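Data first, discussion second: the structure below is written as structure tokens.
Counting starts at 1 for both ligands and their atoms, following the listed order. Worth saying up front: this structure is predicted, and the values here are computed from it rather than measured.
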Amino acid sequence: MRGVVFDGKQIQVVDDLEVREPGAGEVLVAISAAGLCHSDLSVVDGTIPFPVPVVLGHEGAGVVEAVGVGVTHVAPGDHVALSTLANCGTCAECDRGRPTMCRQAIGRPGKPFTRGGQPVYQFASNSAFAERTVVKAVQAVRIPKDIPMPSAALIGCGVLTGVGAVLNRARVDRGESVVVIGTGGIGLNVIQGARIAGASRIVAVDANPAKEETARKFGATDFLKSTEGVRDLLPTGADHVFECVGRVELVRQAVDLLDRHGQAILLGTAPATAEASFLVSSMFLDKSILGCRYGSSRPQRDIPLYTELYRQGRLLLDELVTRTYPVEDFEKAVGDLEAGRVARGVLTF
Ligand SMILES: [Zn+2]
Ligand SMILES: [Zn+2]
């Protein structure tokens, strides 16, 4: 079968990939569509260290092809969106509703694929850039069949991460002010999460003025090319500032823009050794800096909520998909993403 493999040096679209049958508690999914996210490229440029060879891709949707022993919540033919969270479901963190903190769900990459008899790693417990992949049952979330697959594919990373950061981690409340730095795939989902939460002012910041129209469509009330104008709009600062780029100077700006009791939520992926600084005295006014893994999501609860909001017209998914590409055009999709020509490019199988 076809898939996108990174061998440590180059990325290749191959057609000689194989995947094993689902074991107990696992689901075999035929991928229909998969979004290309910066994290896939972060594996290639080393920002996210990962063993190779590896099948890339971590946000996808498809059709259940087979289920292993003990899987009862989905059946062959069901449409599913895939999460990257291979949490165990039985530890104390899972039990208290924090599956993103499950120690089973971090690290420990599996090798369900082979190529020429050699094992190939699975990225983010997912590897959606393959015609078929095997995931843990907990990662396959049934979705209504009327949701277009390219749109559903984006739920598993961009939507869970961005909307989840607003609703689950920051817990933005009605009437609050929100600044979103960076309006790529994650930033747009933060913007619409803030709109769904009822934020009264949503200021989008992006150096690329071409992003304004989309940012406003998702719910931004204001658009700025840099954070410099934020104080004109919010003289006492913002209740929530989301950094969605991963640059330390923007992290500092996020902290400096906080109102009393404000919180900076760090979503961008900075290099592993990057350090940021802030004025210690500024934190005295009940300010917080929050990390956030994967939108602090609970996928089996959050994905049905998001698909329902989509059907009500409150959560935009179709508008996130700028372009679809057959998987063979992977390189073109990467070029468009790196040039900022697409919010999200989606590969189809
Ligand atoms: Zn991603
Ligand atoms: Zn667990």
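Checked for salt-bridge contact, Asp206 and Lys225 miss the test: no charged N lies under 4.0 Å from a carboxylate O. Between Asp286 and Arg260 there is no salt bridge, since none of the side-chain N atoms of the basic residue sits less than 4.0 Å from a carboxylate O of the acidic one. Using a 4.0 Å cut-off between a side-chain N of Lys or Arg and a carboxylate O of Asp or Glu, Arg132 and Glu65 qualify as a salt bridge. Using a cutoff of 4.0 Å between basic side-chain nitrogens and carboxylate oxygens, Glu26 and Arg20 are scored as salt-bridged.
With the Zn ion (ligand 1) as the vertex, atom NE2 of His58 and atom SG of Cys157 span an angle of 110° (nearest 10 degrees). The SG atom of Cys88 and the SG atom of Cys94 meet at the Zn ion (ligand 2) at an angle of about 120°, given to 10°.
Using a cut-off of 2.8 Å, one finds that His38 contributes no N/O/S atom close to the Zn ion (ligand 1).
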